[in-house]
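This report refers to the structure that appears directly beneath it.
What you see below is based on every heavy atom in this structure, not just the backbone, and it leaves out hydrogens, waters and symmetry mates. Residue numbers start from 1 in every chain, and the chains themselves are labelled A, B, ... in the order their sequence lines are given, proteins ahead of strands.
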Protein chains: 2
Amino acid sequence: MSEKASRKGDKREAIVEAAIEVFAQKGFHAARISDVARAAGVADGTIYLYFDNKEHLLLSIFEEKMDFLREGLLAALDGVDCPLERVRVFARYHFDSVRRHRAVSEVLQVELRLSHKFLKDYRPEKLWDYLRVFEQIVRDGQARGVMRPDVDPFLAKWAFFGALDELGQQYVLSRRERISPDAAAEQVADIFLRGMATNAPAPSR
Amino acid sequence: MSEKASRKGDKREAIVEAAIEVFAQKGFHAARISDVARAAGVADGTIYLYFDNKEHLLLSIFEEKMDFLREGLLAALDGVDCPLERVRVFARYHFDSVRRHRAVSEVLQVELRLSHKFLKDYRPEKLWDYLRVFEQIVRDGQARGVMRPDVDPFLAKWAFFGALDELGQQYVLSRRERISPDAAAEQVADIFLRGMATNAPAPSR
DNA sequence: CGGGAATGAATGAAGCTTCATTCGGTTAGC
DNA sequence: GCTAACCGAATGAAGCTTCATTCATTCCCG
């Protein structure tokens, strides 16, 4: 029953998940459509029933997974009021996502950058949405007086993301031998919190 | 005279510089050998007199330019004693390099990551040498008591580099409209210095 | 049986690499 | 001093491989 009911979406879903694994493993460029097809258990041509071309398949992964990540982030932040604490939760959530969705992270870390740079008209709006959450946390923190007003939220956002992303990449590349995601999260949070907080925190409210 | 004396190295050099421009512009994958050859003013086949293959050409760029960057960094740090100040100089030097060698930066930012991840046996030792300078600054700072001992120099190194690299990338991508390299350098330095410094600096010696 | 979904072999473009050939300059012989 | 033989850097057209994509055919469900 349930197998049949979800039949339609199943194949598309299988292709997406297979593509994530294959792209993470070999990289988008080196991955062949036939690799993805084999991993998904479908024929080469079937992929073209669901996606216009190889590139479109990649972009679909970006869009869908970034949406998914952002939603998880908002859920993780839900109920956390203090901007300082929200920064810490952000860092923890990010590294937790890397650990739990390793292949997705690998694809995003490498291919999203590449696509943004070289695909003529692709703008990673979904990534920006994700990061805008951090920017807003900083603005809130400044409005509440718990973060220094001379921090530039725009620059801080990219610095913070760069730190998260680079450590995430090292974690993934090093096959988790050298880096503990938990330690990385606390370290990045510590540095940025001390870096951005006002010396004398305003009274909590 | 001098033209003849330097005749030999000239062509190789021309190819490397042309490749940097072309790779920065189109990306390694999309760049054709014939593009590089045309830009360098040589024939396609000539490139293979100096480089084993396309990939080797790319790796040569990494090796040579990272060496160059590290030497410049050491020169910039020369005579700067205080670890805190050295962090600031590092950040300034990095963004200055991005601004002054935009094409090189673009190639390193994108292709070095890719190569590290997907070329079976390429380890970007030269990048690690560059970053090890930062790690050593932190260790010195801790030994002198001006940086918190609970900062992990290894993690801090990657976080710092991630922040520099991401902002550098945004600067390059945005065609320098939104980001001032100077502001970025000060912002990253500020955050990391406040993030890593001990509250009460030890007496300077 | 009808029709949409799926197949996978065939196609053809793309571009890295090769290599037979060219050509300017250097050496050696007279 | 002049010419001939040689050298090896440089050339660039063509070969060869590698896939992304297509589409005629088959399959299977209702």
Exercise. Does any donor atom in the side chain of B:R113 or A:Q109 lie under 3.5 Å from an acceptor atom in the other side chain?
Worked result: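 Their side chains do not contain a donor-acceptor pair, so the 3.5 Å distance test is not met.
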For this session: Go through the side-chain N and O atoms of B:Q142 and B:R148 and say whether any donor and acceptor fall under 3.5 Å apart.
Result: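 Judged by distance alone, the side chains do not pair up.
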Problem set entry | A:Q25, CD: over 12 other non-hydrogen atoms inside 6.0 angstrom |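 Count not over threshold, so no.
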For this session: Establish, yes or no, whether a centroid distance under 6.0 Å links the rings of A:F90 and A:Y130.
Result: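 Yes, the ring of A:F90 comes within the 6.0 Å limit of the ring of A:Y130, centre to centre.
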Problem set entry | DNA chain C contacts among residues 52-63 of chain B, heavy-atom distance under 4.0 Å |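 Residues of residues 52-63 of chain B under 4.0 Å from DNA chain C: B:N53, B:K54.
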For this session: Give a yes/no answer on whether the side chain of B:K11 brings an N or O atom under 4.0 Å of OP1 or OP2 in D:dA10.
Result: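 For B:K11, the contact criterion (side-chain N or O under 4.0 Å from OP1 or OP2 of D:dA10) is met.
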Problem set entry | Smallest separation among heavy atoms of A:V16 and A:F51, with atom names |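 Reported closest heavy-atom pair: CG2-CZ, 3.7 Å.
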Between [atom2] of [N] and [atom1] of [X], the distance in whole Å:
X	N	atom1	atom2	answer
A:I33	D:dT22	CD1	C1'	13 Å
B:Y50	C:dC16	OH	C1'	20 Å
A:D10	C:dA6	CG	C1'	15 Å
A:K26	D:dC19	NZ	C1'	11 Å
B:R12	D:dA10	CZ	C1'	17 Å
B:D44	D:dC16	CG	C1'	16 Å
B:R32	C:dT17	CZ	P	15 Å
B:I15	D:dA9	CD1	P	13 Å

For this session: Could you check which of D:dG12, D:dC19, C:dC16 has an atom nearest any side-chain atom of B:Y48?
Result: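 Taking heavy atoms from C-beta onward, the closest nucleotide is C:dC16.
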For this session: State, yes or no, whether a side-chain contact exists between A:K126 and A:F62 at a heavy-atom distance under 4.5 Å.
Result: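 No, side chains not in contact.
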For this session: For A:T46 and for B:L49, find the nucleotide of DNA chain D with the closest heavy atom, then tell me which residue's nucleotide is more 5'.
Result: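 Residue closer to the 5' terminus by nearest nucleotide: B:L49.
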Problem set entry | Touch class at under 4.0 angstrom, heavy-atom based, for A:A31 against every strand present |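 Sugar-phosphate: the residue A:A31, judged by heavy atoms under 4.0 Å, touches backbone atoms but no base.
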For this session: Mind telling me whether A:H29 and B:H29 have parallel, tilted or perpendicular rings, with 30° and 60° as the class edges?
Result: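 Correct class here is tilted.
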